[in-house]
Amino acid sequence: MPGIKIEKEDIIPDGQGEDLNELMQVRREKLAELRERGIDPFGQKYVRSNSAREITAGFESFDGREVTVAGRIMAKRVMGKASFAHIQDGSGRIQVYVRLNDLGQEGYDFFLKLDIGDIIGVRGTVFRTRMGEVTVSAAEVTLLSKCLRPLPEKWHGLRDVELRYRQRYVDLIVNPQARDTFVLRSRIIHYMRRFLDRKGFLEVETPMMHPIAGGATARPFITHHNALDMNLYLRIAPELYLKRLLVGGFEKVYEINRNFRNEGISTKHNPEFTMLELYQAYADYGDMMDLTEELISSTAREVLGSTSVVYEGAEINLAPPWKRMTMLEAVKQYTGLDFDGLKEGGAYREAKNLGLEVQPADSWGTILYTVFEEKVEPHLVQPTFIMDFPLEVSPLAKRKKDQPELTYRFELFICGREMANAFSELNDPLDQKARFLKQVEKRKSGDDEAHMMDEDYINALEYGMPPAGGLGIGIDRLVMLLTNSPSIRDVILFPLMKPRD
RNA sequence: GAGCCAUUAGCUCAGUCGGUAGAGCACCUGACUUUUAAUCAGGGUGUCGCUGGUUCGAGUCCAGCAUGGCUCACCA
């Protein structure tokens, strides 16, 4: 770190002044002993000829050849004057064989002092043991980084979920499954980018700090800019900025980035989460359905090799085409209620009969949405598009031509969970302004999740935004589905945790 | 925000009716030159989450607090 001078007395080589358990104390003593013998316990660059996986997978071409490998000691088996160890690198594990005869007394003693968890470099010859395991017979062992803390148990790994989240680095060392999940997450996002790039979408970055929090129904985080002495909101959605880009003439844009919502934490909610949002000019929500189907099914095929996934015991078939039904049809199918013929009072009575908490003042659309959420959503296990959401809950979506109380909006449900949200974008600035005003009314009456007025966004629409389809996909939830992870915290490397103490 | 559950050695976990704190891995000492959850012999390393209370005596019973998990609420 520049600007920070390290004084000699800042270095505590033997754990003085620290409350160390016996295991850590022993390792500090070994550290001090190494330094006394002139060995740097935290070494320099080490040139590796190969990864563990390259050698184990391609043994035939490595047999008898000298290689250099590096990794963390995960197991150590000492049998007197010869020893075995397993080291783990980014590709996997490989066994190392160490003999007194090869290393000499000093070198072999040095190896015996190494601990599980230490990171070492090994130069040696590849061979196969009597038991058939591809192994590097060491000619030289170099300590690259001393491990001062004992690793969790080799057989069970780290099970305590709290520790797994708080100390993800340990989780990643000892639980291969955790590692696999995050590799898969990376490949999923990488593939989605390639998919969209190939279709001519332009990846863009829009602000994370907003003077007005817009584009979603949610409570924002508030932060402060000192020099400008102004409060800013962390973004709850990039939507309004991305649509400004459509006004500006970009025709296909997307952003994969974080949103921040100041709400409860659960297995399905982290305060910061990753969304894909994309917008396509001259398209509509029908195009977005086709795109969603193609994107998610091809992602599964690409990273899992199959469009069939098992999530929490349920087999989910992601092969297109997916079921498409309107919200009115879905409510009718699962409750027998035909909202199409109901007025506000009738809708209220029927919802009450279903045992739902609704208010007499609630509008027809709000009640329809409530009935859908409560009575239909949990049944939507296989991928299902639910189309035509009520106007009141869709302030940024275009009205349906023939049913102005509904919008050209759909959500995708898988395993009873919302996976995607899309609509034909509202591009009428006057209608948009009226909808914002309605939201502002709701805000005034105490709904702090209602949208704020964004005058500049109206200004942009007044220049003319092409008709467009827009789509949002919750990446964390998609990764949960594709990795069979029960909690969103299993797919976020460092989920938010309360500090201890 | 509410309810239920959990918290014991570095890790994974037992702990009976309230009566001196246990195991496996890891670690330490010794034996062992192709082992692989290496094996064999010996060694227990602890603020039983924290703070109080009940009791002759609390890991165990009670209350409060902290952190986490699950369910619900809010939400995506």
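Within every chain, numbering begins at 1; the chains are lettered A, B, ... in the order of the sequence lines, protein sequences first and strands thereafter. On a predicted model such as this, the values are computed, not experimentally measured, just so you know.
- At the phosphate of B:rC28, OP1 or OP2 sits under 4.0 Å from a side-chain N or O atom of A:K30.
- Both the sub-6.0 Å distance and the 45° axial angle are not jointly satisfied by A:R261 relative to the ring of A:F221.
- Nearer to the 5' terminus of RNA chain B, by closest-nucleotide assignment, is the contact made by A:D160 (compared with the other of A:D160 and A:N101).
- For A:N21, no side-chain nitrogen or oxygen approaches OP1 or OP2 of B:rU45 to under 4.0 Å.
- Put simply, A:K154 has a side-chain N or O that comes within less than 4.0 Å of OP1 or OP2 on B:rA26.
- A stacked arrangement is assigned to A:F273 and the six-membered base ring of B:rA76, with a centre-to-centre distance below 5.5 Å and an interplanar angle below 30°.
- Both A:E374 and A:Y97 lie near RNA chain B, and the one whose nearest nucleotide falls closer to the 5' end is A:Y97.
- For A:R159, no side-chain nitrogen or oxygen approaches OP1 or OP2 of B:rC11 to under 4.0 Å.
- Pair assignment for B:rA37: none, as no Watson-Crick or G-U wobble contacts are both less than 3.5 Å.
- In this model, no side-chain donor or acceptor of A:E162 finds a partner on the base of B:rU7 within 3.5 Å.
- Partner A:F372 forms a side chain to side chain contact (heavy atoms under 4.5 Å, CB included) with one of A:L380, A:L328, A:I367 and no other, that one being A:L380.
- The base-pairing partner of B:rC65, taking Watson-Crick or G-U wobble contacts with both distances under 3.5 Å, is B:rG49.
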Working for salt bridge (Lys or Arg N to Asp or Glu O under 4.0 Å), residues A:E66 and A:R123:
CA-CA 7 Å; A:E66 185 175 91; A:R123 180 172 60 80; 3.0 Å; yes
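- Between A:F410 and A:Y285, the angle of the ring planes lies from 30° to 60°, which puts this pair in the tilted group.
- The side chain of A:R489 contributes an N or O atom lying less than 4.0 Å from OP1 or OP2 of B:rG69.
- One finds no side-chain N or O of A:R77 lying less than 4.0 angstrom from the OP1 or OP2 phosphate oxygen of B:rU35.
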